[in-house]
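Throughout, protein chains are lettered first and strands after them, A, B, ... in sequence-line order, and every chain is numbered starting at 1.
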There are 2 protein chains.
Amino acid sequence: MEKIYCDREQEHEATIQRVKEDVMLSKDVEKISKIFHMLADAGRLKIVLALLKGDMCVYHLTEICGGTQSGVSHQLRVLKDNKIVKSKRLGKNVEYSIADEHIREIVEMGKAHLLCSANQE
Amino acid sequence: MEKIYCDREQEHEATIQRVKEDVMLSKDVEKISKIFHMLADAGRLKIVLALLKGDMCVYHLTEICGGTQSGVSHQLRVLKDNKIVKSKRLGKNVEYSIADEHIREIVEMGKAHLLCSANQE
DNA sequence: GGAAGATATGAATATATGTTCATATCTTCA
DNA sequence: TGAAGATATGAACATATATTCATATCTTCC
């Protein structure tokens with residue numbers, strides 16, 4: 001791990017500048033944080049976890065995740081607006097599914113983090 | 001991908017029940033969502049991105065991430081409380097670093113998701 | 001010890017967002 | 001066509017949280 005010392009010498013200005021550019025102060029950071037924001041709510045995360053097990057309709061999602069039908073529907077809309085899930089009407093029902101398989105890996109990493117930090121204590 | 005049909009037959013009750021347990025309606029979901037919540041704010045994500053490039057003090061973090069010193073300090077406290085970063089005093093300065101290398105992978109996944117979804121459009 | 005640098009803290013505010021309730025929309029089936 | 005099932009929507013509300021300002025704490029150096 002590179003070390004960036006705490007003085008303010010000329011020598012470090014270049015390093016700081018380089019990191020500053022790498023960190024991308026642009027809209028990219030906003031976009032990435034938005035992805036995480038989708039998984040940052042327990043209600044939405046439950047929905048995503050359920051859909052990672054299989055496509056299903058709102059009725060079953062409500063059954064599995066708990067809460068009200070309206071609440072689940074609202075959360076699904078947010079997830080859909082942010083391209084995390086997609087939907088398809090099947091008769092009376094609407095079947096939801098994961099829109100991007102990257103989500104699976106991201107969630108798996110989150111789980112791994114939890115398990116690891118649990119072991120450390 | 002397993003398909004969970006939209007009827008409410010007895011036959012599917014078991015499947016739903018199994019998924020329900022897998023989805024872990026317990027505190028685990030809360031904990032995992034909390035990890036994502038830490039990365040769900042652009043300000044905090046900038047800090048994490050910077051620290052992934054190298055350990056550094058608050059002064060340089062403020063320089064890189066922008067905003068006020070107070071704001072960065074508040075964000076660092078949240079990150080520290082949630083075990084995302086750790087700190088070490090070095091004279092007048094306090095050097096922050098990433099507390100768990102899992103974070104790197106999670107952030108990388110977020111970046112990958114962004115790049116991929118950008119290509120799809 | 002006092003001054004200046006570096007960081008942390010607390011209160012106050014504004015904003016975002018999750019939740020609930022009531023109701024609308026869309027579909028199927030009799 | 002009307003009723004019932006399934007989902008979506010809008011408004012209202014409560015809550016969480018990011019941000020700012022002022023100031024306190026801690027450290028080093030003279």
Round to the nearest Å and state the distance from [X] atom [atom1] to [N] atom [atom2].
X: I47(A); N: dA8(D); atom1: CD1; atom2: P; result: 11 Å
X: D41(A); N: dA16(D); atom1: CG; atom2: P; result: 13 Å
X: D81(B); N: dT9(C); atom1: CG; atom2: C1'; result: 12 Å
X: K80(B); N: dA8(C); atom1: NZ; atom2: C1'; result: 10 Å
X: L76(A); N: dG18(C); atom1: CG; atom2: P; result: 13 Å
X: L39(A); N: dG18(C); atom1: CG; atom2: P; result: 12 Å
X: R77(A); N: dT17(C); atom1: CZ; atom2: P; result: 13 Å

Check your understanding: Under 5.5 Å between ring centres and under 30° between planes: true for H74(B) and the base of dT9(C)?
Key -> yes
Point to revise | Closest nucleotide among dC21(C), dA8(C), dA18(D) to the S70(A) side chain | key: dC21(C)
Practice item. Looking only at side-chain atoms of Q69(A), point me to the closest of dT7(D), dT17(D), dG18(C). Key: dT7(D)
OP1 or OP2 of [N] under 4.0 Å from side-chain N/O of [X]:
X: Y59(A); N: dA8(D); value: no
X: H37(B); N: dT17(D); value: yes
X: N93(B); N: dT7(C); value: yes
X: Q75(B); N: dT19(D); value: yes
X: R44(B); N: dA18(D); value: yes

Check your understanding: Do the rings of H102(B) and H113(A) sit parallel, tilted or perpendicular, given the 30° and 60° boundaries?
Key -> perpendicular
Review point. So, the side chain of S33(B) versus the backbone of V29(B): is there a donor-acceptor pair under 3.5 Å, distance only?
Key: yes
Check your understanding: Hey, is the main chain of K20(A) close enough, under 3.5 Å, to the side chain of R18(A) for a donor-acceptor pair?
Key -> no
Exercise for review: Summarise protein proximity over nucleotides 24-30 of chain C in one line of letters, 5' to 3': B for base, S for sugar-phosphate only, - for none, counting protein heavy atoms closer than 4.0 Å.
Suggested key: ---BS--
Taking C-beta and beyond as the side chain, do [X] and [Y] meet within less than 4.5 Å on heavy atoms?
X: L51(B); Y: M56(B); result: yes
X: H37(A); Y: L45(B); result: no
X: F36(B); Y: I35(A); result: no
X: D41(A); Y: Q75(A); result: yes

Review point. Pick the nucleotide of DNA chain C nearest each of S73(B) and V78(A); which residue has the one closer to the 5' end?
Key: S73(B)
Practice item. Establish whether the base of dC21(D) is bridged to the side chain of T68(B) by a donor-acceptor pair shorter than 3.5 Å. Key: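 Donor-acceptor pair under 3.5 Å: no.
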